Amino acid sequence: MATLLYKVRVWIGGLIPLALLATLPLVTSCSDDDNNGSASIVVNKVFLEDAQAKDSVTDREVTFARLGQLIRIEGSGFTGLKKIYINGYDTYFNNALMTDNDVWVTLNTKTPVDKADASVRNTITLVKDNGSYTYKFIIRASAPTVSGVDNTLPSAGETVIVRGANLQETTHLTLPGGVEVTDGITSDPDGEWYSFTMPAGVTQSGSITSEGANGTAVTPAYFNNRNCMVLDFENSADLGSWSATYKYDDLVDDPLGSGRGKVVQLVPQSVLDGGGIKAGANSSLWASTGNDYANDDWNRMTQFIPGSTPVDSVALQFDVYVPDPWMATGQLEISLQNNLSNYGYGSGGTKYNKDYMTQAYVWVPWMDTETGAANSFTTGGRWTTVTVPLSKFGRYTDKDNEYTFKNVIDDRNSGSYRNFIFLLVNSDIEYDESISYPAANFTSRIYLDNFRVVPCTSVTVSDY
């Protein structure tokens, strides 16, 4: 019997990671009858080979693996192995780096997961001339991720949509306070979203934890979060009132009767009935009270969101209801203080300026800000939530400075007028030299509610 220590570092598609080289055992060649390929295959365990493991455990026993990962299958009778099928997919392995007890294989990213035939899903089948062996083992796609939650402040009975990737077959949810949801969950077959109906009795705020075919996903901790409310329009003292503003009497009752109480119609119906907002004009402001009103000092929020939190981990959220298609004219401008000198998409107030406390953001939902393409926008028959990280407001778009939430608070408090304001701007939009949208009369119904500041840090769930 001769023993050969493999020093070959060629691996599937590249080099064997140095951290894993030590896990390759001695490869023994024997002439004994029990090692000439006639022995039956047996699989005992599967190990994940992870050279980047943060806990330095590069070879750990696992009960599942994800596409793209390298695994070691441990057992016996592998000599003479011809084929490996994972979820029925013919998967390459390097038989030069195989022993009778171990075989290494990378899960091909083309391997079907949720679309695999039920008879082969979550199986590894090893085949050689004298037979095959099938081992039950969970195969998952990439880890599920969350990109946003549509309606983060729902009333009981309203639909909540969680958007992201690899969210297939979501079957169990845990809402803040430990409220569990297992019935009425709908999942997108492509894993881009799941939805559920908000149950009664959820009183705490935090994250939604979901469990599905590809594992666990956790939303940012902004679900059901009213801790840092800016304006919910239930208290007349919260609204500023002067000649340039709409007033408390201009508020309307929630048109959907969802329990939101008073809400803003961005351009009041009386103005729409009078012809709306003309091209090139702006509406009056909706504004918070301002300087000496306690709620306008956002230091009150640091008990919930530390002042040291980076601005890309803090967001402004608001709820919007747009019953009819909104298209090609009109912009919602929001400013963290009342110091605007230029209005609309791409204006000075929405950009970094080292000498000026620019704190504005413009929402144009009918225009794709990546391509400039225009599409009609509607929320249909429901309220939905918009989430805007503070890093998209004016001066905080500067990538060369590490702004924090405390910077935002201090900038607001140092301004001459620290009113939080928003308004309908109906100016032309010039996206680039080839794409522009001349304004037209604005006559759309747009309803807004619950402007609030929330934490928006993404949550990464470790598999192991």
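One is the number of the first residue; the rest follow in order along the sequence. What you see is a predicted model; the values in this text were computed from it and never measured. FYI, side chains are in, hydrogens and waters are out, and symmetry mates aren't considered; it's all heavy atoms of this structure.
In this structure, CG in Leu316 is found 9.0 Å from OG1 in Thr387, a value given to the nearest 0.5 Å. Remark: Ile421 CD1 to Ser284 OG distance equals 11.5 Å, nearest 0.5 Å. Between the CD1 atom in Ile71 and the CZ atom in Arg66 there is a gap of 13.5 Å [rounded to 0.5 Å]. Atom CD of Gln359 is separated from atom CG of Leu390 by 9.0 Å, given to the nearest 0.5 angstrom. From Asp324, atom CG reaches atom OG1 of Thr379 across 9.5 Å, with rounding to the nearest 0.5 Å.
The shortest side-chain heavy-atom distance between Leu272 and Gln265 falls under the 4.5 Å cut-off. A 4.5 Å side-chain heavy-atom check between Ile446 and Val264 finds every atom pair outside the cut-off. Leu70 has its side chain within reach of Trp104: a pair of non-hydrogen atoms, C-beta onward, lies under 4.5 Å apart. In this structure, Thr385 and Arg452 have side chains that are in contact, with non-hydrogen atoms separated by less than 4.5 Å. Contact check for Leu173 versus Phe196: side-chain heavy atoms found under the 4.5 Å cut-off. Contact check for Thr404 versus Pro310: no side-chain heavy atoms found under the 4.5 Å cut-off. Looking at heavy atoms from C-beta onward, Tyr321 lies out of side-chain contact with Arg382 at the 4.5 angstrom threshold. Contact annotation: the side chain of Val408 never approaches that of Arg395 to less than 4.5 Å [non-hydrogen atoms, C-beta and beyond].
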Carefully, step by step, assess Phe442 and Leu424 under the rule side-chain contact (heavy atoms from CB on, under 4.5 Å).
CA-CA 9 Å; Phe442 181 88; Leu424 187 284; 4.0 Å; yes

Would Trp383 and Leu256 count as a side-chain contact (heavy atoms from CB on, under 4.5 Å) here? Give the steps.
CA-CA 8 Å; Trp383 286 92; Leu256 292 179; 3.6 Å; yes

Can you list the steps and then say if Leu251 with Val263 is a side-chain contact (heavy atoms from CB on, under 4.5 Å)?
CA-CA 6 Å; Leu251 297 173; Val263 303; over 6 Å; no

Evaluate the salt bridge (charged side-chain N to carboxylate O under 4.0 Å, His left out) criterion for residues Arg226 and Glu234: first the C-alpha distance (whole Å), next the side-chain angles of each, then the deciding distance (0.1 Å), finally the verdict.
CA-CA 13 Å; Arg226 301 181 62 93; Glu234 298 307 313; over 6 Å; no

Worked check of side-chain contact (heavy atoms from CB on, under 4.5 Å) between Val252 and Tyr447:
CA-CA 9 Å; Val252 297; Tyr447 302 92; 4.1 Å; yes

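Salt bridge present: Asp59 and Arg72 bring a charged side-chain N and a carboxylate O closer than 4.0 Å. Ion pairing of Glu158 with Arg260 is present here, as a side-chain N (NZ or NE/NH1/NH2) and a carboxylate O approach within less than 4.0 Å.
Residues forming a side chain to side chain contact (heavy atoms under 4.5 Å, CB included) with Ser458 (at least two apart in sequence, or on another chain): none. Shown here are the side chain to side chain contact (heavy atoms under 4.5 Å, CB included) partners of Thr111, two or more places apart in sequence or in another chain: Leu67, Ile86, Asn87, Tyr89, Asn108. Residues satisfying the ring pair (Phe, Tyr, Trp, His ring centres under 6.0 Å) criterion with Tyr361, sequence neighbours excluded, are Phe393. Take Tyr417 and apply the side chain to side chain contact (heavy atoms under 4.5 Å, CB included) test, not counting sequence neighbours, and it matches Asn338, Asn419. Contacts of Asp410 classified as salt bridge (charged side-chain N to carboxylate O under 4.0 Å, His left out), with partners at least two apart in sequence or in another chain: Lys406. Contacts of Asp253 classified as salt bridge (charged side-chain N to carboxylate O under 4.0 Å, His left out), with partners at least two apart in sequence or in another chain: Lys262. For the salt bridge (charged side-chain N to carboxylate O under 4.0 Å, His left out) test, no residue two or more places apart in sequence or in another chain qualifies with Asp188. Every residue two or more places apart in sequence or in another chain that forms a ring pair (Phe, Tyr, Trp, His ring centres under 6.0 Å) with Phe318 is listed here: Trp363, Phe451. For Gln204, the side chain to side chain contact (heavy atoms under 4.5 Å, CB included) criterion is met by Pro176, not counting sequence neighbours. Not counting sequence neighbours, Phe223 has no partner by the ring pair (Phe, Tyr, Trp, His ring centres under 6.0 Å) test.
Applying the 6.0 Å contact sphere to CG of Asp117 captures more than 12 heavy atoms from other residues, nucleotides or ligands. Summarising the local packing, NZ of Lys115 is surrounded by more than 12 heavy atoms from other residues, nucleotides or ligands at distances under 6.0 Å. Around CG of Asp432, the count of heavy atoms belonging to other residues, nucleotides or ligands within 6.0 Å exceeds 12. Under a cut-off of 6.0 angstrom, the local environment of NZ in Lys247 is crowded, with over 12 non-hydrogen atoms contributed by other residues, nucleotides or ligands. Within 6.0 Å of the CD atom in Glu402, the count of heavy atoms belonging to other residues, nucleotides or ligands does not exceed 12.
No hydrogens or angles considered: a donor-acceptor pair under 3.5 Å links the side chains of Asp411 and Tyr396. In the model, Asn295 has no side-chain atom that pairs as donor or acceptor with a side-chain atom of Thr289 under 3.5 Å. Of the N and O atoms on the side chains of Asn450 and Asp319, at least one donor lies less than 3.5 Å from an acceptor on the other residue. Donor-acceptor pairing under 3.5 Å is lacking for the side chains of Asp50 and Thr58. Looking only at atom types and distance, the side chain of Ser427 has a donor-acceptor partner in the side chain of Gln331 under 3.5 Å away.
Counting only distance, with no hydrogens or angles, the side chain of Thr378 and the backbone of Val322 share a donor-acceptor pair below 3.5 Å. Panel note: side chain Ser155, backbone Ser258; a donor-acceptor pair is recorded below 3.5 Å.
The shortest non-hydrogen separation linking Arg121 to Ala213 is NH2-CB, 3.7 Å. Closest non-hydrogen pair, Gln337 versus Arg412, comes out as NE2-CA, 4.2 Å. Across all non-hydrogen atoms, the minimal contact from Tyr431 to Thr369 is OH-O, 3.0 Å. In terms of heavy atoms, Asn441 sits closest to Ala279 at OD1-N, 3.4 Å. Across all their heavy atoms, Val230 and Val453 have their closest contact at CG2-CG2, 4.0 Å. The two residues Gly344 and Thr350 make their nearest non-hydrogen contact at O-CG2, 4.1 Å.
Between Trp286 and Phe422, the two ring planes are parallel [angle under 30°; tilted spans 30° to 60°].
Screening residues 208-224 for side chain to side chain donor-acceptor pair (under 3.5 Å), with sequence neighbours left out, gives Gln168-Asn214.
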Considering only distance and modelled atom types, tabulate donor-acceptor pairs under 3.5 Å from the side chains of residues 137-149, sequence neighbours left out.
| unit_1 | atom_1 | unit_2 | atom_2 | d |
| --- | --- | --- | --- | --- |
| Ser147 | OG | Arg163 | O | 3.2 |

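Checking each of Ile305, Asn413, Leu336 against Trp298 for a side-chain contact (heavy atoms from CB on, under 4.5 Å) leaves exactly one that passes, namely Leu336.
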